[in-house]
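Some notes on the structure that comes next.
Counting from 1, the numbers follow the sequence of the chain as shown.
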Amino acid sequence: MKCRNCSTKFEGNACPNCNTPVNGNLPPIRPPKKVRRPLYKRWWVWAIIILVLITVWGSYGSDNDSEEIKDTDDKPTTTKAQEPSNFSYDKTEDLSAIDTEYTLTAGNYTAGIDIPIGKCDLKAVMGTGNVFSSNMYEGGINALFGVDDETQSYTDSFTGLSLPKDTVLTVSGNVEIKLIYSTLDGGFIGRTYNEKKAVTLSDGNYYVGSDFKEGTYKITVISGSGNIYNSSMYDNALNEMFGVEDESELYIPQFNNAVFKTADTISVSGGLTVKFTPTA
(Lines give C-alpha, C1' and ligand atoms only; values in the text may rest on other atoms or scores of the structure.)
Protein backbone atom coordinates (compact mmCIF):
# COMPACT_ATOMS: atom_id res chain seq x y z
CA MET A 1 0.00 0.00 0.00
CA LYS A 2 0.98 3.64 -0.28
CA CYS A 3 1.62 5.81 2.80
CA ARG A 4 -0.84 8.61 3.01
CA ASN A 5 1.74 10.78 4.74
CA CYS A 6 4.91 10.47 2.67
CA SER A 7 3.64 8.39 -0.29
CA THR A 8 6.07 5.58 0.41
CA LYS A 9 4.91 2.18 -0.74
CA PHE A 10 5.10 -0.45 1.99
CA GLU A 11 3.58 -3.63 3.40
CA GLY A 12 2.57 -4.05 6.99
CA ASN A 13 0.81 -2.01 9.64
CA ALA A 14 2.99 1.12 9.52
CA CYS A 15 5.10 3.04 7.04
CA PRO A 16 8.75 2.17 7.53
CA ASN A 17 9.74 5.70 6.45
CA CYS A 18 7.62 7.94 8.67
CA ASN A 19 6.08 5.33 11.00
CA THR A 20 2.60 6.32 10.03
CA PRO A 21 0.15 3.52 10.91
CA VAL A 22 -2.15 2.27 8.26
CA ASN A 23 -5.29 3.28 10.11
CA GLY A 24 -3.90 5.70 12.69
CA ASN A 25 -3.65 9.51 12.85
CA LEU A 26 -0.80 11.38 11.27
CA PRO A 27 2.03 12.20 13.70
CA PRO A 28 2.27 15.82 14.68
CA ILE A 29 4.35 17.89 12.32
CA ARG A 30 7.26 19.52 14.11
CA PRO A 31 7.82 23.21 13.28
CA PRO A 32 11.11 23.93 11.51
CA LYS A 33 13.97 25.01 13.68
CA LYS A 34 14.53 28.81 13.77
CA VAL A 35 17.84 29.74 12.13
CA ARG A 36 19.80 32.38 14.03
CA ARG A 37 21.31 35.22 11.91
CA PRO A 38 25.03 35.84 12.47
CA LEU A 39 25.90 38.90 14.59
CA TYR A 40 27.47 40.85 11.73
CA LYS A 41 24.07 40.74 9.92
CA ARG A 42 22.15 42.27 12.80
CA TRP A 43 21.36 46.02 12.48
CA TRP A 44 21.69 46.80 16.18
CA VAL A 45 25.28 45.51 16.21
CA TRP A 46 26.27 47.98 13.50
CA ALA A 47 24.40 50.77 15.28
CA ILE A 48 26.51 50.16 18.42
CA ILE A 49 29.74 50.09 16.38
CA ILE A 50 28.92 53.40 14.64
CA LEU A 51 28.00 55.06 17.95
CA VAL A 52 31.32 53.99 19.50
CA LEU A 53 33.31 55.31 16.52
CA ILE A 54 31.53 58.68 16.68
CA THR A 55 32.26 58.97 20.40
CA VAL A 56 35.97 58.13 19.97
CA TRP A 57 36.42 60.51 17.02
CA GLY A 58 34.71 63.35 18.89
CA SER A 59 36.97 62.85 21.89
CA TYR A 60 40.08 62.89 19.66
CA GLY A 61 39.01 66.13 17.96
CA SER A 62 38.40 67.80 21.32
CA ASP A 63 41.93 66.91 22.46
CA ASN A 64 43.45 68.44 19.32
CA ASP A 65 41.41 71.62 19.72
CA SER A 66 42.59 71.93 23.30
CA GLU A 67 46.23 71.57 22.23
CA GLU A 68 45.84 74.21 19.49
CA ILE A 69 44.26 76.64 21.93
CA LYS A 70 47.05 75.97 24.41
CA ASP A 71 49.72 76.56 21.77
CA THR A 72 48.25 79.90 20.76
CA ASP A 73 47.64 81.22 24.29
CA ASP A 74 51.02 82.96 24.38
CA LYS A 75 50.96 84.21 20.79
CA PRO A 76 49.67 87.63 19.65
CA THR A 77 46.19 87.53 18.22
CA THR A 78 47.01 89.95 15.39
CA THR A 79 47.83 88.23 12.10
CA LYS A 80 49.54 89.68 9.06
CA ALA A 81 46.23 90.01 7.29
CA GLN A 82 44.95 92.13 10.18
CA GLU A 83 47.99 94.37 10.37
CA PRO A 84 47.93 97.76 8.63
CA SER A 85 50.17 98.11 5.60
CA ASN A 86 52.75 100.17 7.53
CA PHE A 87 52.86 97.88 10.57
CA SER A 88 56.60 97.27 10.58
CA TYR A 89 57.91 98.97 13.68
CA ASP A 90 58.25 98.29 17.38
CA LYS A 91 55.53 100.21 19.17
CA THR A 92 57.48 99.96 22.43
CA GLU A 93 60.51 101.73 20.96
CA ASP A 94 61.49 104.94 22.72
CA LEU A 95 61.28 107.64 20.04
CA SER A 96 61.72 110.64 22.31
CA ALA A 97 65.38 111.17 21.32
CA ILE A 98 64.77 110.98 17.55
CA ASP A 99 64.92 114.25 15.64
CA THR A 100 61.87 115.29 13.66
CA GLU A 101 63.67 117.33 10.95
CA TYR A 102 66.18 116.12 8.33
CA THR A 103 67.81 117.81 5.34
CA LEU A 104 68.43 115.62 2.29
CA THR A 105 70.34 116.10 -0.94
CA ALA A 106 70.63 113.77 -3.95
CA GLY A 107 70.44 110.12 -2.98
CA ASN A 108 68.33 107.15 -1.93
CA TYR A 109 67.04 107.11 1.64
CA THR A 110 65.40 104.03 3.18
CA ALA A 111 62.92 104.43 6.04
CA GLY A 112 64.27 102.55 9.04
CA ILE A 113 67.88 102.74 7.80
CA ASP A 114 68.62 106.32 6.69
CA ILE A 115 65.54 108.20 7.93
CA PRO A 116 62.82 107.52 10.53
CA ILE A 117 59.62 105.59 9.88
CA GLY A 118 56.44 107.64 9.96
CA LYS A 119 54.71 110.56 8.23
CA CYS A 120 56.26 113.86 7.31
CA ASP A 121 55.91 117.06 5.31
CA LEU A 122 58.45 118.08 2.66
CA LYS A 123 59.79 121.54 1.96
CA ALA A 124 62.23 122.63 -0.75
CA VAL A 125 65.26 124.47 0.64
CA MET A 126 67.16 125.21 -2.58
CA GLY A 127 67.70 124.02 -6.15
CA THR A 128 65.41 121.93 -8.35
CA GLY A 129 65.03 118.25 -9.13
CA ASN A 130 62.74 115.29 -8.69
CA VAL A 131 61.51 113.61 -5.50
CA PHE A 132 59.76 110.24 -5.58
CA SER A 133 59.20 107.27 -3.28
CA SER A 134 58.85 103.53 -3.83
CA ASN A 135 55.27 103.74 -2.48
CA MET A 136 54.28 106.60 -4.77
CA TYR A 137 50.81 105.08 -5.32
CA GLU A 138 50.19 104.33 -1.64
CA GLY A 139 50.70 107.57 0.22
CA GLY A 140 54.02 108.37 -1.45
CA ILE A 141 55.25 111.10 -3.78
CA ASN A 142 56.44 111.63 -7.36
CA ALA A 143 56.93 115.31 -8.12
CA LEU A 144 59.21 117.90 -9.65
CA PHE A 145 60.45 119.59 -6.54
CA GLY A 146 62.29 122.83 -5.97
CA VAL A 147 62.18 126.47 -4.91
CA ASP A 148 59.84 128.82 -6.74
CA ASP A 149 61.13 129.99 -10.09
CA GLU A 150 59.79 131.72 -13.17
CA THR A 151 58.76 128.46 -14.87
CA GLN A 152 56.40 127.48 -12.05
CA SER A 153 57.08 123.84 -12.94
CA TYR A 154 58.21 122.81 -9.47
CA THR A 155 56.37 122.37 -6.20
CA ASP A 156 58.09 123.64 -3.08
CA SER A 157 56.12 121.71 -0.44
CA PHE A 158 54.31 118.43 0.09
CA THR A 159 52.14 117.42 3.04
CA GLY A 160 51.51 113.98 4.54
CA LEU A 161 54.20 111.79 2.96
CA SER A 162 53.86 108.25 4.34
CA LEU A 163 57.15 106.43 4.95
CA PRO A 164 56.54 102.86 6.20
CA LYS A 165 59.54 100.69 6.96
CA ASP A 166 61.78 99.91 3.93
CA THR A 167 60.18 102.62 1.77
CA VAL A 168 62.86 104.26 -0.38
CA LEU A 169 62.73 108.04 -0.86
CA THR A 170 64.81 109.20 -3.86
CA VAL A 171 66.04 112.75 -4.34
CA SER A 172 67.59 113.58 -7.72
CA GLY A 173 69.01 116.72 -9.25
CA ASN A 174 70.49 119.52 -7.19
CA VAL A 175 67.40 120.04 -5.06
CA GLU A 176 67.81 120.15 -1.30
CA ILE A 177 64.76 119.25 0.77
CA LYS A 178 63.77 119.21 4.43
CA LEU A 179 61.70 116.44 6.02
CA ILE A 180 59.54 117.57 8.94
CA TYR A 181 57.94 114.61 10.73
CA SER A 182 54.42 114.94 12.08
CA THR A 183 54.32 111.29 13.23
CA LEU A 184 57.22 109.09 14.30
CA ASP A 185 56.51 105.36 14.12
CA GLY A 186 60.08 104.11 14.33
CA GLY A 187 63.71 105.15 14.32
CA PHE A 188 66.57 104.28 11.96
CA ILE A 189 69.90 102.47 12.28
CA GLY A 190 72.03 104.65 9.97
CA ARG A 191 74.86 103.61 7.65
CA THR A 192 78.63 103.48 7.84
CA TYR A 193 81.02 103.49 4.87
CA ASN A 194 84.24 101.58 4.30
CA GLU A 195 86.78 104.08 3.00
CA LYS A 196 89.42 101.35 2.67
CA LYS A 197 87.39 99.65 -0.06
CA ALA A 198 86.57 102.81 -2.01
CA VAL A 199 87.27 102.73 -5.78
CA THR A 200 88.14 105.68 -8.01
CA LEU A 201 86.57 105.86 -11.48
CA SER A 202 87.14 108.18 -14.42
CA ASP A 203 85.70 108.19 -17.94
CA GLY A 204 84.79 104.70 -19.09
CA ASN A 205 82.42 101.78 -18.75
CA TYR A 206 82.52 99.66 -15.63
CA TYR A 207 80.78 96.34 -14.98
CA VAL A 208 79.38 95.53 -11.58
CA GLY A 209 80.54 92.12 -10.46
CA SER A 210 83.86 92.26 -12.31
CA ASP A 211 85.23 95.82 -11.90
CA PHE A 212 83.73 96.26 -8.43
CA LYS A 213 81.31 94.40 -6.21
CA GLU A 214 77.58 94.99 -6.14
CA GLY A 215 76.25 96.93 -3.20
CA THR A 216 75.29 100.36 -1.93
CA TYR A 217 77.75 103.20 -2.56
CA LYS A 218 78.27 106.86 -1.78
CA ILE A 219 79.46 108.67 -4.93
CA THR A 220 81.69 111.71 -4.37
CA VAL A 221 83.22 113.99 -7.03
CA ILE A 222 87.02 114.24 -6.96
CA SER A 223 87.48 116.49 -9.97
CA GLY A 224 85.93 117.63 -13.23
CA SER A 225 82.31 117.46 -14.27
CA GLY A 226 80.27 115.06 -16.35
CA ASN A 227 77.62 112.37 -16.26
CA ILE A 228 77.22 109.01 -14.53
CA TYR A 229 74.71 106.62 -16.04
CA ASN A 230 73.70 103.20 -14.80
CA SER A 231 72.12 100.96 -17.45
CA SER A 232 70.37 98.82 -14.87
CA MET A 233 67.73 96.21 -15.53
CA TYR A 234 66.41 96.81 -12.02
CA ASP A 235 64.70 99.77 -10.33
CA ASN A 236 67.98 101.37 -9.28
CA ALA A 237 68.89 103.26 -12.47
CA LEU A 238 71.11 106.31 -12.01
CA ASN A 239 71.49 109.22 -14.43
CA GLU A 240 72.97 112.33 -12.83
CA MET A 241 75.20 115.26 -13.74
CA PHE A 242 78.17 115.29 -11.33
CA GLY A 243 80.71 118.00 -10.78
CA VAL A 244 82.20 120.54 -8.43
CA GLU A 245 79.91 123.34 -7.35
CA ASP A 246 79.59 126.14 -9.87
CA GLU A 247 77.32 129.03 -10.69
CA SER A 248 75.24 127.02 -13.18
CA GLU A 249 73.84 124.78 -10.42
CA LEU A 250 73.59 121.92 -12.94
CA TYR A 251 75.86 119.52 -11.13
CA ILE A 252 75.74 117.63 -7.86
CA PRO A 253 78.89 116.99 -5.81
CA GLN A 254 77.63 113.80 -4.18
CA PHE A 255 74.97 111.09 -4.42
CA ASN A 256 74.16 109.05 -1.34
CA ASN A 257 73.31 105.35 -1.27
CA ALA A 258 73.40 104.49 -4.97
CA VAL A 259 72.51 100.83 -5.44
CA PHE A 260 74.45 98.75 -7.99
CA LYS A 261 73.78 95.10 -8.80
CA THR A 262 75.65 92.46 -10.75
CA ALA A 263 75.14 92.88 -14.52
CA ASP A 264 74.74 96.67 -14.21
CA THR A 265 76.95 98.77 -16.50
CA ILE A 266 78.19 102.08 -15.10
CA SER A 267 79.19 104.77 -17.63
CA VAL A 268 81.31 107.75 -16.54
CA SER A 269 81.80 110.52 -19.08
CA GLY A 270 82.74 114.21 -19.55
CA GLY A 271 86.17 114.25 -17.91
CA LEU A 272 84.79 113.31 -14.50
CA THR A 273 86.68 111.57 -11.70
CA VAL A 274 84.66 110.18 -8.79
CA LYS A 275 85.06 107.97 -5.74
CA PHE A 276 82.69 105.08 -5.03
CA THR A 277 82.66 104.29 -1.30
CA PRO A 278 80.75 101.13 -0.27
CA THR A 279 78.71 100.75 2.89
CA ALA A 280 80.41 98.72 5.61
Side-chain angles (χ1 to χ4, degrees), residues 83-91 93 95 98-191 216-219 227-242 249-261 264 279:
E83 294 169 355
S85 59
N86 63 344
F87 185 87
S88 53
Y89 53 87
D90 182 3
K91 292 184 177 180
E93 181 181 1
L95 306 176
I98 299 177
D99 292 335
T100 57
E101 294 189 8
Y102 299 84
T103 300
L104 307 180
T105 56
N108 299 314
Y109 303 92
T110 303
I113 299 178
D114 307 296
I115 53 177
I117 302 165
K119 288 185 179 180
C120 62
D121 301 333
L122 275 63
K123 183 175 179 60
V125 177
M126 61 177 293
T128 57
N130 182 247
V131 177
F132 61 93
S133 61
S134 58
N135 66 331
M136 64 178 68
Y137 301 113
E138 298 176 351
I141 183 175
N142 183 12
L144 291 171
F145 218 77
V147 295
D148 292 337
D149 63 352
E150 297 179 357
T151 65
Q152 296 183 349
S153 300
Y154 300 90
T155 182
D156 60 359
S157 62
F158 187 90
T159 302
L161 172 63
S162 177
L163 292 173
K165 185 179 179 181
D166 297 328
T167 300
V168 179
L169 179 66
T170 299
V171 181
S172 66
N174 65 351
V175 65
E176 182 178 309
I177 65 172
K178 178 178 288 188
L179 273 60
I180 306 170
Y181 279 81
S182 57
T183 303
L184 283 174
D185 295 329
F188 62 100
I189 60 177
R191 295 184 195 264
T216 302
Y217 289 80
K218 176 176 63 177
I219 304 174
N227 178 257
I228 296 179
Y229 172 71
N230 174 18
S231 58
S232 174
M233 65 179 64
Y234 306 99
D235 296 329
N236 53 304
L238 175 70
N239 188 7
E240 295 285 348
M241 298 291 292
F242 285 83
E249 297 184 352
L250 296 176
Y251 304 99
I252 60 174
Q254 182 173 293
F255 190 95
N256 297 312
N257 309 320
V259 179
F260 301 117
K261 296 185 178 181
D264 287 358
T279 55

Just verifying a value: how many Å separate [X] [atom1] and [Y] [atom2], rounded to the nearest 0.5 Å?
X	Y	atom1	atom2	value
Leu95	Asp185	CG	CG	8.0 Å
Thr110	Ile189	OG1	CD1	9.5 Å
Asp99	Ile180	CG	CD1	12.5 Å
Leu179	Phe158	CG	CZ	11.5 Å
Leu238	Phe260	CG	CZ	5.5 Å
Cys120	Ile177	SG	CD1	8.0 Å

Start with the C-alpha gap between Val125 and Lys178, add the side-chain angles, then the distance that decides, and say whether side chain to side chain contact (heavy atoms under 4.5 Å, CB included) holds. CA-CA 7 Å; Val125 177; Lys178 178 178 288 188; 4.0 Å; yes
Partners passing side chain to side chain donor-acceptor pair (under 3.5 Å) against Asn135 (at least two apart in sequence or in another chain): Ser133
Indicate yes or no for a side-chain donor-acceptor contact from [X] to the backbone of [Y] under 3.5 Å, with no hydrogens or angles considered.
X	Y	value
Glu176	Ala124	no
Asp156	Lys123	no
Asn130	Ala143	yes
Ser134	Val168	yes

Any side-chain heavy atom of [X] within less than 4.5 Å of one from [Y]?
X	Y	result
Thr105	Asn256	yes
Asn108	Thr216	no
Val171	Phe145	no
Thr128	Asn174	yes
Thr279	Arg191	yes

Could you report the tightest heavy-atom contact between [X] and [Y], atom names first, then the distance?
X	Y	value
Pro116	Leu184	CB-CD2, 3.6 Å
Ala258	Ile219	CB-CD1, 3.9 Å
Glu240	Gly173	OE1-N, 3.3 Å
Ala106	Ile252	CB-CD1, 3.8 Å
Gln254	Phe242	C-CE2, 4.2 Å

Among Ile115, Asp114, Val131, whose side-chain contact (heavy atoms from CB on, under 4.5 Å) with Leu104 holds? Ile115
Given Thr167, Ile141, Asn142, Thr170, the one that forms side-chain contact (heavy atoms from CB on, under 4.5 Å) with Met136: Asn142
For a quick check under 3.5 Å, do Tyr109 and Asn257 share a side-chain donor-acceptor pair by atom type? no
Just do the side chain to side chain contact (heavy atoms under 4.5 Å, CB included) check on Ser162 and Glu138 with the steps written out, would you? CA-CA 8 Å; Ser162 177; Glu138 298 176 351; over 6 Å; no
In terms of the angle between their ring planes, are Tyr102 and Phe188 parallel, tilted or perpendicular, with boundaries placed at 30° and 60°? perpendicular
Would you sort out whether Leu144 and Thr155 count as a side chain to side chain contact (heavy atoms under 4.5 Å, CB included), showing the intermediate values? CA-CA 6 Å; Leu144 291 171; Thr155 182; over 6 Å; no
